[in-house]
Amino acid sequence: MIQKNLFMIDNLVIVESPAKAKTIEKLLGKEYHVASSMGHIRDLSKKDFGIDLNNNYAPEYIIPNDKKKIVANLKKLAKEAKIVWLASDEDREGEAIAWHLGEVLKLSPAITRRIVFSEITKTAIQESIINYRSIDQNLVNAQQARRILDRLVGFELSPVLWRKVKPSLSAGRVQSVAVRLIVEREREIINFSPKSSFRVTGIFKPDDAEKGKIHKFVAEVNKRFKDKNEALIFLERCSTGEFNVSDIVKKPSKKSSSPPFTTSTLQQEASRKLGFSVSQTMTVAQRLYEAGHITYMRTDSVNLSQLALNVAKKVILEEFGEKYSNRKNYITKSKGAQEAHEAIRPAYIENKTIHGTNAEKRLYELIWKRTVASQMSDAQFEKTTVTIDVSTAEEKFIAQGEVLKFDGFLKLYIESSDDESNEDEIKGFLPPLKPKQFLIRETIAAIQRFTTAPPRYTEASLVKKLEELGIGRPSTYAPTISTIQNRGYVIKEDHEGKERKLLILTLKNKSITESEQVEIYNREKSKLFPDNIGMIVNDFLIEYFKEIMDYNFTATVEKEFDDIASGKMEWTKMIDRFYKPFHKKVENTLKVSDYSKGERELGPDPDSGKQVIVRMGRYGPIVQIGIAGDKLAEKPRYASLLKGQNLETITLEEALALFKLPRSLGDYEDKELVVGIGRFGPYVRHNNKFYSLKKGVDDPYKIDQNRAIELINEKIEQEKNRIIRTFSDEPDLFILNGHWGPYISYKKNNYRIPKKTNPEEMTKEDCMKLITSLPNVKKTKK
DNA sequence: CAGTGAGCGAGCTTCCGCTTGACTT
């Protein structure tokens with residue numbers, strides 16, 4: 001039978017994501033056509049803020065170019081439909097999307113129905129269709145207020161930075177606070193002074209230990225000794241003391257599984273367990289979602305659908321048995337959560353693995369384990385604490401043992417933690433012991449320990465912090481992290497640690513020996529460091545715009561958005577109350593603030609007596625000796641800071657050292673040899689050519705002429721091998737040996753030579769033919 | 001692979017949250 005009408009769609013459902021559309025269409029059947037809007041279809045115009053400041057903040061919305069096609073298509077579909085179901089997400093942004101759709105597609109209220117569901121299951125969707133409603137204008141207004149506030153903040157503050165700090169910079173409600181967190185953490189670390197103390201541990205065994213059985217165990221003294229002397233006194237007492245068990249306490253303990261993943265917790269765990277960056281996690285998750293392997297990946301909800309709970313239970317019963325099953329629902333505790341979706345979980349929990357790339361498989365497996373584990377029983381332990389008295393001292397040794405009685409969810413999943421404290425925990429094995437039992441002492445060691453500074457943020461731990469503060473949304477965590485790096489506020493990098501010596505006192509038999517151990521500390525991998533410009537912008541914004549930079553600013557305005565959503569407040573009034581004083585501050589700041597350069601005085605130059613300062617120059621951070629402007633004075637001398645040097649931490653000595661370069665090494669073949677440090681590291685310059693110094697071998701401050709000439713000759717030798725052919729009648733044409741094999745260079749453009757061709761036999765004509773037929777591989781920059 | 005320091009100027013830069021390709025190499 002032919003379909004009743006081919007051109008008329010009875011029901012058009014519009015959702016945000018095309019993958020979601022596909023799934024829903026399957027669940028709804030033939031009478032429903034499901035289309036997607038691809039998120040928002042309109043945004044504020046960029047002209048004049050897109051806000052009419054003289055007309056009660058009336059927004060001017062436009063359809064961005066990349067959405068025009070989508071909108072045109074939706075318009076066509078809507079015209080043909082009898083009923084249009086607006087099924088965008090059940091939150092502020094989703095409500096606004098539905099409203100914009102209504103406006104742009106000119107949908108009459110009579111045929112428009114707003115539906116919402118927070119899980120994609122047949123029953124949930126059918127229920128939503130029965131309970132359809134109209135658009136909630138208050139909620140839409142809350143979104144408009146949010147949008148307009150962000151635009152006003154971003155587009156008023158950024159130009160202030162262009163004028164007062166540097167062009168193209170940016171500021172915003174979310175990104176500026178993210179940078180602040182990193183800057184403040186860095187300063188905590190800079191100002192941190194480690195304190196050392198001595199931690200004493202002993203190895204003991206029971207006096208009735210049977211031969212051949214493991215019986216040694218470790219116990220730690222219940223206090224730290226503040227210096228070497230105190231530790232020594234204690235060890236001396238131990239050397240003549242007797243040790244006996246004064247107390248044994250056994251206590252059951254348990255550990256519960258973690259809730260299923262949200263965007264933020266997925267990013268954290270993928271970072272810790274798989275080493276993924278935040279954006280990498282999102283790209284892989286997106287592919288899993290599009291392939292139908294997982295539910296939506298941008299969510300702040302820990303909720304699982306009834307269907308998911310049932311399947312998870314079934315899987316656990318089959319795999320692990322009744323004892324391991326513990327069905328539970330988690331409650332979202334993060335600030336500002338809007339819970340329009342489920343938690344991130346496998347679409348089909350019965351599938352333990354999927355086909356895909358390595359990264360996809362690993363991320364899927366992580367999601368699968370976390371989801372299933374969330375429905376499993378607590379792990380149960382028995383903790384034993386043994387107290388050991390020393391006959392010659394007041395301090396006591398404490399030994400702790402932990403026995404796993406029931407593994408529960410640990411059978412499947414162990415959550416990783418952020419703090420990488422290297423304190424090896426004294427936990428685990430304990431031999432059978434009785435109260436009052438005497439113990440045989442083996443060695444007792446006092447090891448020096450330093451307190452450690454708070455850790456720098458990783459991308460993922462910054463997301464965690466932002467979420468705790470209610471700043472940003474699942475869809476913006478990854479882009480925000482990228483923005484603050486793209487602006488140069490923050491750099492993600494590794495730092496080699498520093499070494500320090502730890503003193504160790506060891507009591508063995510009756511004698512105490514002293515030794516040293518080298519510890520590496522402050523080693524960082526893929527951590528976020530503020531760059532100079534990030535610190536300058538942060539300090540500027542905090543000085544003039546304290547309110548925006550406040551960690552509670554978002555939380556405060558969110559409360560007002562909630563009042564707008566519940567109809568208790570008018571959105572234009574809220575915006576007006578914010579904008580009037582804010583705009584005044586912007587104007588005042590433009591008037592009163594100085595150009596912000598992060599200037600710092602380091603003291604006088606011992607040679608000239610002139611002031612040495614560091615500041616941000618036009619092209620980066622520089623040191624300057626002497627003050628400019630005074631016509632009588634000599635011009636100041638300048639030197640750029642090296643990579644890794646910081647305006648905030650550089651010392652006078654380090655700054656003065658920068659003026660020792662470039663340094664002349666005398667003449668060679670009638671031209672001067674000069675050593676310097678450039679963009680690509682230390683170099684020797686000769687006859688306008690640059691030769692890199694060998695990393696780890698040459699020191700630009702110490703290198704002599706002989707070594708410099710050696711480097712030059714080495715490079716000339718290399719160059720010789722580089723040239724395969726030249727042509728006397730065409731000086732711009734070369735056949736060269738490159739990193740990736742032979743290639744043709746012609747007028748600064750490079751062309752790849754096909755594998756079959758022998759480059760040594762090529763004629764000029766062969767080359768020219770290749771050049772005209774091939775697009776050049778890569779244009780040389782500049 | 002190639003590459004190693006500076007101030008006229010015109011016009012541009014920018015926000016946060018929803019979404020997915022279109023582009024290179």
Side-chain angles (χ1 to χ4, degrees), chain A residues 15-21 36-44 46 49-51 64 66-67 69-70 88-89 91-98 100-101 143 146-163 166-176 282-283 286-287 289-290 296-298 338 340 471-480 483 487 548 554 617-620 622 628 638-640 661-662 674-685 688-693 722 736-741 743 745 748-750 752 777-782:
Chain A
V15 296
E16 291 172 44
S17 141
K20 191 171 171 182
S36 60
S37 75
M38 306 272 193
H40 276 293
I41 53 158
R42 286 204 298 188
D43 192 14
L44 293 174
K46 292 204 173 182
F49 289 12
I51 301 163
D66 58 329
K67 291 290 167 65
K69 234 171 137 178
I70 295 155
S88 44
D89 293 346
D91 59 15
R92 202 162 62 201
E93 298 295 327
E95 200 68 16
I97 288 172
H100 281 298
L101 282 167
Q143 191 275 346
R146 198 280 303 155
R147 180 68 192 90
I148 285 167
L149 178 105
D150 282 335
R151 170 55 68 83
L152 289 171
V153 170
F155 275 36
E156 292 234 346
L157 282 189
S158 299
V160 177
L161 295 180
W162 304 345
R163 296 218 356 224
K166 201 181 133 175
S168 301
L169 294 175
S170 63
R173 171 176 59 84
V174 173
Q175 59 168 290
S176 296
M282 293 314 282
T283 312
Q286 175 87 29
R287 283 207 301 272
Y289 168 65
E290 282 168 10
Y296 197 57
M297 65 283 157
R298 290 186 274 263
Q338 305 200 5
I471 298 170
R473 305 275 316 125
S475 69
T476 59
Y477 294 138
T480 301
T483 300
R487 297 271 175 276
I548 308 285
T554 291
R618 185 80 186 78
Y619 298 95
I622 52 173
Y638 298 103
S640 280
L661 296 175
V674 177
V675 197
I677 296 179
R679 228 166 12 122
F680 307 101
Y683 64 89
V684 179
R685 191 176 61 199
N688 279 332
K689 281 192 177 154
F690 291 83
Y691 307 88
S692 290
L693 302 200
R722 211 180 123 226
L736 301 173
N737 218 342
H739 211 219
W740 303 313
Y743 69 101
S745 169
K748 299 234 160 186
N749 284 338
N750 299 339
R752 171 170 254 135
V777 176
K778 194 180 156 192
K779 279 204 164 162
T780 3
K781 278 175 203 164
K782 275 199 250 183

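Below, read A as the first sequence line, B as the second, and so on, with proteins coming before strands; counting in each chain starts at 1.
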- Query: Of the nucleotides dC15(B), dG21(B), dC16(B), which has the atom closest to the V174(A) side chain?
  - Reply: dC16(B)
- Can you check each nucleotide of nucleotides 8-13 of chain B against protein heavy atoms at under 4.0 Å and return B for base, S for sugar-phosphate only, - for none, in 5' to 3' order? -----B
- Message: If I take atom CD1 from residue I51(A) and atom CG from residue L44(A), how far apart are they, to the nearest 0.5 angstrom?
- Response: 5.5 Å
- Note on the structure: Value for CD (Q175(A)) from OG1 (T483(A)), rounded to nearest 0.5 Å, stands at 6.0 Å
- Task: Just call it for G676(A): base, sugar-phosphate, or nothing, with non-hydrogen atoms closer than 4.0 Å on any strand.
- Result: nothing
- Query: Checking only heavy atoms, does the side chain of S692(A) share a donor-acceptor pair with the base of dT4(B) at less than 3.5 Å?
  - Reply: yes
- Task: Report which part of the nucleic acid G39(A) touches: base, sugar-phosphate, or nothing (heavy-atom distance under 4.0 Å, all strands).
- Result: base
- Side-chain N,O (Y296(A)) to OP1/OP2 (dT19(B)) below 4.0 Å: yes
- In this structure, CD1 of I97(A) is separated from CZ of R42(A) (nearest 0.5 Å) by 12.0 Å
- Query: Hey, does the side chain of T476(A) come within less than 4.0 Å of dG17(B)'s phosphate (OP1/OP2), counting only N and O?
  - Reply: yes
- Task: Find the distance Q338(A):CD to dG17(B):C1' and express it as a whole number of Å.
- Result: 10 Å
- Item | Shortest non-hydrogen contact from Y296(A) toward Y289(A) | CD1-CZ, 3.5 Å
- Atom pair CE/CZ of M282(A) and R298(A) - distance to nearest 0.5 Å: 5.5 Å
- Message: Using a heavy-atom cut-off of 4.0 Å across all strands, would you classify A171(A) as base, sugar-phosphate, or nothing?
- Response: sugar-phosphate
- Among dC15(B), dT14(B), dT19(B), the one nearest any side-chain atom of D43(A) is dC15(B)
- Query: What's the spacing between H100(A) NE2 and E93(A) CD if we round to 0.5 Å?
  - Reply: 9.0 Å
- Side-chain touch I548(A)/S176(A), heavy atoms, less than 4.5 angstrom: no
- Item | 5′-ward residue of the pair Y289(A)/R173(A) relative to DNA chain B | R173(A)
- OP1 or OP2 of dT19(B) sitting under 4.0 Å from any side-chain N/O of S17(A)? no
- When all nucleic acid strands are considered with a 4.0 Å heavy-atom cut-off, which category describes D66(A): base, sugar-phosphate, or nothing? nothing
- Answer yes or no: does a side-chain N or O of R298(A) lie under 4.0 Å from OP1 or OP2 of dT20(B)? yes
- Among dG17(B), dA6(B), dC15(B), the one nearest E93(A) by side-chain distance: dG17(B)
- Message: Do the side chains of K20(A) and D89(A) get close enough for a salt bridge, i.e. N-O under 4.0 angstrom?
- Response: yes
- Base, sugar-phosphate, or nothing: which does T554(A) touch, judged by heavy atoms less than 4.0 Å apart? nothing
- Query: Does the ring of Y683(A) lie flat against the base of dT4(B), closer than 5.5 Å centre to centre with planes under 30°?
  - Reply: no
- Query: Looking at R473(A), does any N or O in its side chain come under 4.0 Å of the phosphate oxygens OP1/OP2 on dC18(B)?
  - Reply: yes
- Item | From CA spacing to verdict: side chain to side chain contact (heavy atoms under 4.5 Å, CB included), D91(A), Q143(A) | CA-CA 9 Å; D91(A) 59 15; Q143(A) 191 275 346; over 6 Å; no
- Message: From CD1 of I148(A) over to P of dC15(B), roughly how many Å is that when rounded to an integer?
- Response: 18 Å
- Message: Under 4.0 Å from OP1 or OP2 of dT20(B): is there any side-chain N or O of Q286(A) that close?
- Response: yes
- Message: Over all strands shown, is P18(A) touching base, sugar-phosphate only, or nothing at heavy-atom distances under 4.0 angstrom?
- Response: sugar-phosphate
- Query: When syn is taken as a glycosidic angle within 90 degrees of 0, is dG5(B) syn or anti?
  - Reply: syn
- Task: Could you check R146(A) against M297(A) and say which one's nearest nucleotide on DNA chain B is further toward the 5' end?
- Result: R146(A)
- Message: Just verifying a value: how many Å separate K46(A) NZ and R151(A) CZ, rounded to the nearest 0.5 Å?
- Response: 6.5 Å
- Note on the structure: Atom CZ of R92(A) and atom P of dC18(B) are separated, to the nearest Å, by 8 Å
- Run the numbers on S36(A) and S17(A) for side chain to side chain contact (heavy atoms under 4.5 Å, CB included), then give the verdict. CA-CA 5 Å; S36(A) 60; S17(A) 141; 5.8 Å; no
- For R147(A), answer base if it contacts any base atom (sugar-phosphate contacts may also be present), sugar-phosphate if it contacts only those atoms, and nothing otherwise; contact means non-hydrogen atoms under 4.0 Å. base
- Message: What does the 5'-to-3' dot-bracket notation of DNA chain B look like when only Watson-Crick and G-U wobble pairs under 3.5 Å count, and pairs to other strands show as |?
- Response: .........................
